[in-house]
Structures are given as C-alpha cells and as structure tokens.
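Counting convention: from 1, in listed order, for ligands and their atoms alike. Just so you know, these numbers come straight off a predicted model, no measurement behind them. In this chain, numbering begins with 1 at the start of the sequence shown.
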Amino acid sequence: MADPKQQQRDAFRAADPAGGPLTTDQGVVVDHTDDSLRAGDRGPTLMEDFHFREKITRFDHERIPERVVHARGAGAYGYFEPYASCAEFTKAAFLQDPSVRTPVFVRFSTVQGPRGSADTVRDVRGFATKFYTSEGNYDLVGNNFPVFFIQDGIKFPDFVHAVKPEPHNEIPTGASAHDTLWDFVSLQPETLHTIMWLMSDRAIPRSYRMMQGFGVHTFRFVNAEGRGTFVKFHWKPKLGVHSLVWDEAQETQGRDPDFNRRDLWDTIEAGDFPEWELGVQLVPEEDEHSFDFDLLDATKIIPEELVPVRPIGRMVLDRNPDNFFAETEQVAFHTANVVPGIDFTNDPLLQARNFSYLDTQLIRLGGPNFAQIPINRPVAPVRTNQRDGYHQGKIHRGTNYSPNSLGGGCPAVATGDPAAYRHLMERVDGAKVRRRSPSFDDHYTQPALFWHSMADWEKRHIVDAFRFELGKVAAKEVRARTVEQLALVDHELATAVAEGIGVTPPQQRADTPRPTPSPALSIANNQADTPSVSTRQIAVLVCDGVDAGQASAVRTALADQGAVVEFIAPQDGTVTAADGTDTEVDRALPTVASVLYDAVLLPPGALDSGDPASDGAARRFVQDAYRHGKAIGALGSAVEVLAELLPAEVWETSGDSRPVTDRSIVTCGTANADFTAAFTEAVAAHRDWSRPPLTR
Ligand code: HDD
C-alpha cells in the first residue's frame, strides 16, 4: 500500500513542479534561514536583515480577526444540480437546467466559541453555501435550525453579547450554560422557540453530514415575468438527521475537539461524499396573510404539514480545501449576495443581515477587496469602477467612472438587459416607526408546537438540557423567570425543568397553547430512506487470545457496506490471536474512546486479555457505548462478559445470555450471517433510546 506521507509529499511537489529554492516575498533566493544577521558571532542583530524582519513580520500578522460569531468552522467544495427547471417560480440560472452543475463552497460552523473551541458543544450550527453561478455568486447563509433567537437584527449585538463568554472573565468557552444568556432569554420571550431547538438534540449533531440546513428567513423567488413567490429553503441530509447524546458530546470535546471537522474531512478523503437535497416551501404572494403567524418573523416556521417541502435539487461535497486559511477562513458570505430570480422580504432580521455581512468583511478581511480573494471570486465576469483600497490585487487600466466616453463607455450599463438584477417592485408605504409589528407578538405557540411534536426520548433530552443549562446559572431569579416563561409554553415541560433546578413548580395555566403537532419536526421522522452503516465508525475490541477469524469476518462484511471498522487493542502493533496468528491493530485503546465510535463489536475473547487494567478500560468502553444507546455486538465468550457489565433487565432470565433489547444488543455463539445482518441493522438504526440506565 502506498505510504500516505509520501503521497502527500508528492502532492506538494506536484503543486510546485519547479520545486525551486526558498525565497523572500520579493523572490530573492535565501540560503540560510536559521540564524539572524548579526554583528559578530555574539553581537546584536542587524536592522538590515531584511529576511529576518520579513519572516517575523509575516509571522506576527498570520492571524486575522476571527469571525465575531461562527468563528470555528470547516469547509468543503462540491456542486449543486437542480432536478428540473424551476422556471415557473424563479429565473435564477442555476435552477434551470438539470445538466448544469454549479460549483459550491460550504462552510459549517459553531456560533458561540472562538476558533479553537471544541466542535461538539451545545450550539446552533452554521450551514453557509456559496453557489458560484454563471450570473454571480449566490450565498445561502443558513443554520441547522429553521428559526432564529430574535426578530429584529438590531438586537443581534445584545443576543450575541449575552451568549458569548461573560465579559469579566471570558467564561464559558463554547457554551450557553451561563447567567447572561439565560438572563436575556428570560426577559426576551421571542427567543423561546429557538431555545427549544437549542435544548434539543439538534444542537449536538453527530456529524455535519447528518444535519438539516435552513435558510431561516422567508425569501422570494422571482420568475421571468416578474412574479414573486415566497420561499423558504431546506437542506435535507441524505444520511438522515442524527445527533449525539449530551454526556457523549461533552466527553468528545476532550477526546477529539475536532470531531465534526475530522468527520467531514475524513469522509470526503475516503470518497464518501456527503449529500443534501435542497427543498423549498413555496407560498404564493396572495397567501402572505393566510397563516396565524407572520411570514416575515424569523422566529416562526411554516409547518411542513401546511406547506410541503418540494425537492428541487441536490448538493454533493466532494473536495476538501487545500489550505484552511486561504479557503475556509477567508471565505466571506453575505446574505445580500443574490442573483436574478432570488430576492429579499422585509423580514427585519434579514434586512439587518444585509448590512452586517459586508460590513464585517471589511474589518475581518482587511478592506474592501475581499471579493478578489480566490475563494470569494465569482466565476461570472466582474467589471466595475470600484478601485484601489487595501489589498487591491488588480492593475486596473483606463477609465474608472460611469458614464464615460474616453473609455469607450465601458463597462456599459446593461439597460434593459433581462439578465440584469432587478429588485421586485414591491409596494412599500407607511409611517416611519421604530416598533415591532403586532403580527410578531405570539412567542409561545410555536415553542409549544415544537415540544408537542417531539418523541418521548426527545422530550427527555430537552428537559435534561434545560436542567443542565439552568443548573449552571448562579442567579436564582433568572432560573425562576425562565421557568415562568416555560410555563407559558407547556406545564409538563416547565414542571419537569423546575423540579431539576430547585425552582418551585409553576401553577397549571389554562391558556397554554395546544397546537397540532408537526411530525416533521422530530428527529425520529427525519431518517434516511434506506438506513445504512456507510461511514459509521465501528470499534472491534481485540487483545491477545481473541478469535481474530470471527472478528475479521464481521469486519469484512461491514466494510463492504461502507462502514469504517477499526481493531482496537490495549497496545498498538499486533495481537496474537487464539490460533497463534498475528493480527494488525488499528489503534491503541488509550488513544481512543467509546465516544468516538458509533458501535462496538466484541469477538470471542475480547474482554479477556489477562491484564486487569486493559480489561477495565475495554469494559468501560462497552459500558459507555451502552449508556449512549449505541449498537453492541458480542460473540461467543464475550457474551458472558457482556452479561456481567450491563443491567440485568436487558438479559433474559433463562441465563442463556440473550439480550431482551435484541435490536441494539446483538449476541451470538459465532459470527454467522444472521448475526452480521442483525448487527448491521442495529448500527444503521443509530441509537436505541429505550435502554434502562446502567446501574453498575
Ligand atoms: Fe449571521 C456569520 C447565519 C443572523 C451577522 N451568520 C454567520 C455565519 C452563518 C450565519 C452561517 C457564518 C458564515 C461563515 O461560515 O462564514 N446569522 C445566520 C443566520 C441568522 C443570522 C441563519 C438568522 C437567521 N447574523 C445574523 C444577524 C446578524 C448577523 C441578525 C447581524 C445583524 N453573521 C453576522 C456577521 C457574521 C455572521 C457578524 C460573522 C462573520 C461573518 O458574518 O462573515 O456578519
């Protein structure tokens, strides 16, 4: 097998075929970079050492201001292709022809933490897509929740200040479980709907590849006749929606802070390209007022049961960036990057964003020429009279104003050209007011809709999350005020939360909303059409004396279906199997943890290395997998050990070691086809939420 390090060296060499010597930024060849120029062997460094000064100056300036929100991210390239022409609704060129693939760059992110924070925190995930269309760049700058915390962008600094680390001590990093956020929430009921999402498992995705994306706002499609249609955008992951459990997410923060980034990177490198379907909810202009909420209110969804999501195309991510800084860090998204056929609404959150993103790039990317950075460059031709400024990369010639005659009138204004961007002629009139529309007033019905649409296990996780977050809030009055707000959403929810955080449970109210549930909101109803083990990480615990033949047989069967199966042993190197053969180990147990895998398989002899410390670590691995609802497979003698580790209730009393919850704990005497099929099914099901707690 080719040495990956050598392959990497070859790739670097291929990128610079000349392979020439080290130079300065000015192209002057450098023959010594390890000592500064000095006056005598032990003398002071000389000012004229331009190589030293350039090297240090460049180093000093390597960091640029991180994004004020969404600082930590991961990006990938790919393409988008529509299923069919969307001409009836929009004239956007990239939504017309199924044979045309539009290149894209997507950046996923967390919101609260700085660039170096952990991936698996409880947080919203950014899902920003740049479509490099033939008509210019279109950015769909969305999140993995369909709603936002506030209704008007003027409150964004307040919300972000409240959720970010507290100003006096810059604590906590990557977490919303602190006083200022909950103080803000308890005083600002418009946050409640998104807070419900934040407390749900949606806020701890198993993988960027397994989360939905939403444009959040109501936008507008505009067709060639100039007719507008309200539109909400939805990304649905082909692998289905899957999340971690909170305990696991917290441990993963330490075990692998890059868990989500690594997952995206590794699967793309392996050729398992993540895929999403783009869907739209369409509302004719004349139906603008036919809902009991306002389409311009970004704290509301349109339930899919009212307006179904129509699939219009798919996106595949098939290439990792070459340089994180140049591409993922410098990419500049902007909600106002639209193309003909896509337009805005008067959503006050969107209107504020349309100012903020351009403004933020000026400081972050050091001036107005950031669109010239390769990752931001449109594929469509650019001809402007914009000039100069920091980091101007072009040598412009000729005139720089319009109209002109001296430059031959170029670039000419495309008067009457149907390809030009034209804003929808929406009628606007009214008094200048600084106040919220009364149609934005209901802050409780949709949080209740979310709550009542959850499966029981999702409700349990939501209550646990509220208890965790509010339990970390020192100000008791903030806890109590939040419970008061929750009591306006649902009595059962508010009571369960109150009981966990030392707050007096609220009185039952007669006026809590009882909306008809929307099944589409539950993770349980967002699974892959054909669940599979593809790209799932499966740990096979091995040690000296293990039955390597059985382990390998199951490994081959799972790997054939796309799973990533690793042999994990107390030490790296090889283990000597029961039959005396040596089997290669993929990873040493101390370097990994159960939380980094989706499932665990125990071949005969797996938990019997003879070394109590190693066996203890392996047993903990299995028990963690159990606590996190993961599939566990055990064969032969390993089944007896498993029976000792797990709660008595999950085993048949007959003593034959067959588990009761046999969907997710799969046991067998030997690795036969039935075992492999059942274990495969259990892994593909992601998690078993019905397990009794571990009591030993
Ligand atoms: Fe924002 C970044 C998503 C509201 C101001 N936002 C940013 C990113 C995403 C979102 C995904 C990261 C893009 C990237 O990967 O580079 N933001 C949202 C969504 C919102 C939202 C879905 C509500 C529906 N944002 C919002 C408001 C404002 C901003 C109301 C300001 C008024 N957002 C910004 C920003 C950022 C940003 C300060 C920081 C870095 C950047 O833009 O490029 O301009």
Original post:
Counting each atom of ligand 1 from 1 as listed, which ones have a heavy atom of L349 under 4.0 Å away?
Top reply: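 In order of number, 23 (C), 24 (C), 30 (C).
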
Original post:
What atoms of ligand 1 come closer than 4.0 angstrom to any heavy atom of H217?
Top reply: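 By the 4.0 Å cutoff, the relevant atoms are 24 (C).
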
Between side-chain atoms of residues 70-83 and protein atoms elsewhere (two or more places apart, or another chain), which donor-acceptor pairs fall under 3.5 Å?
unit_1: H70; atom_1: ND1; unit_2: S109; atom_2: OG; d: 2.8
unit_1: R72; atom_1: NE; unit_2: S117; atom_2: O; d: 2.6
unit_1: R72; atom_1: NE; unit_2: D119; atom_2: OD1; d: 2.6
unit_1: R72; atom_1: NH1; unit_2: R115; atom_2: O; d: 2.7
unit_1: R72; atom_1: NH1; unit_2: S117; atom_2: O; d: 3.1
unit_1: R72; atom_1: NH2; unit_2: D119; atom_2: OD1; d: 3.4
unit_1: R72; atom_1: NH2; unit_2: P257; atom_2: O; d: 3.4
unit_1: R72; atom_1: NH2; unit_2: D258; atom_2: OD1; d: 2.6
unit_1: Y77; atom_1: OH; unit_2: E327; atom_2: OE2; d: 2.6
unit_1: Y79; atom_1: OH; unit_2: R101; atom_2: NH2; d: 3.3
unit_1: Y79; atom_1: OH; unit_2: R314; atom_2: NH2; d: 3.4
unit_1: E81; atom_1: OE1; unit_2: R101; atom_2: NE; d: 2.9
unit_1: E81; atom_1: OE2; unit_2: R314; atom_2: NE; d: 2.9
unit_1: E81; atom_1: OE2; unit_2: R314; atom_2: NH2; d: 3.1
unit_1: Y83; atom_1: OH; unit_2: E277; atom_2: OE2; d: 2.5

What is the nearest protein non-hydrogen atom to [atom], stated with its residue, atom name and distance?
atom	result
atom 38 (C) of ligand 1	V68 CG1, 3.5 Å
atom 22 (C) of ligand 1	N143 ND2, 3.1 Å
atom 15 (O) of ligand 1	R107 NH1, 2.6 Å
atom 41 (C) of ligand 1	T360 CG2, 3.4 Å
atom 16 (O) of ligand 1	R67 NE, 2.7 Å

Original post:
If we ignore angles and hydrogens, is there a donor and acceptor under 3.5 Å between the side chains of S200 and E458?
Top reply: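 No, no side-chain donor-acceptor pair sits under 3.5 Å.
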
Original post:
Going by atom types alone, do H234 and Q281 pair a side-chain donor with an acceptor below 3.5 Å?
Top reply: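 There is such a pair between these side chains.
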
Is [X] reaching over with its side chain to a backbone N or O of [Y], donor-acceptor style, under 3.5 angstrom?
X	Y	value
Q112	A175	yes
D152	L349	no
H178	V163	yes
W182	S176	yes
K232	L282	no

Original post:
How long is the gap from CG on N260 to OG1 on T110, to the nearest 0.5 Å?
Top reply: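 One gets 9.0 Å once the value is rounded to the nearest 0.5 Å.
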
Subject >> D139 side, atom CG; T129 side, atom OG1 - distance, nearest 0.5 Å >> reply: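 Here the interatomic distance stands at 8.5 Å.
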
**OP:** Compute both the distance and the angle, then confirm whether K130 meets the cation-pi test with F333: under 6.0 Å from the six-membered ring centre, within 45 degrees of the axis.
**Re:**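 Positive - K130 is close enough to the ring of F333 and near enough to its axis.
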
**OP:** May I ask whether Q361 places a heavy atom under 4.0 Å from ligand 1?
**Re:**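 True for this residue.
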
Subject >> Proximity winner for atom 13 (C) of ligand 1, if only heavy atoms of F355, F333, F148 are counted >> reply: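 Shortest heavy-atom distance from atom 13 (C) of ligand 1: F333.
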
**OP:** Between A71, G142, G75, S109, flag the one that comes closest to atom 11 (C) of ligand 1 by a heavy atom.
**Re:**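 Result: the heavy atom closest to atom 11 (C) of ligand 1 is in G142.
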
**OP:** Check atom 1 (Fe) of ligand 1 and write out every protein N, O or S atom at under 2.8 Å, as residue and atom.
**Re:**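 Counting only protein N, O or S atoms under 2.8 Å from atom 1 (Fe) of ligand 1, the list reads Y357 OH.
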
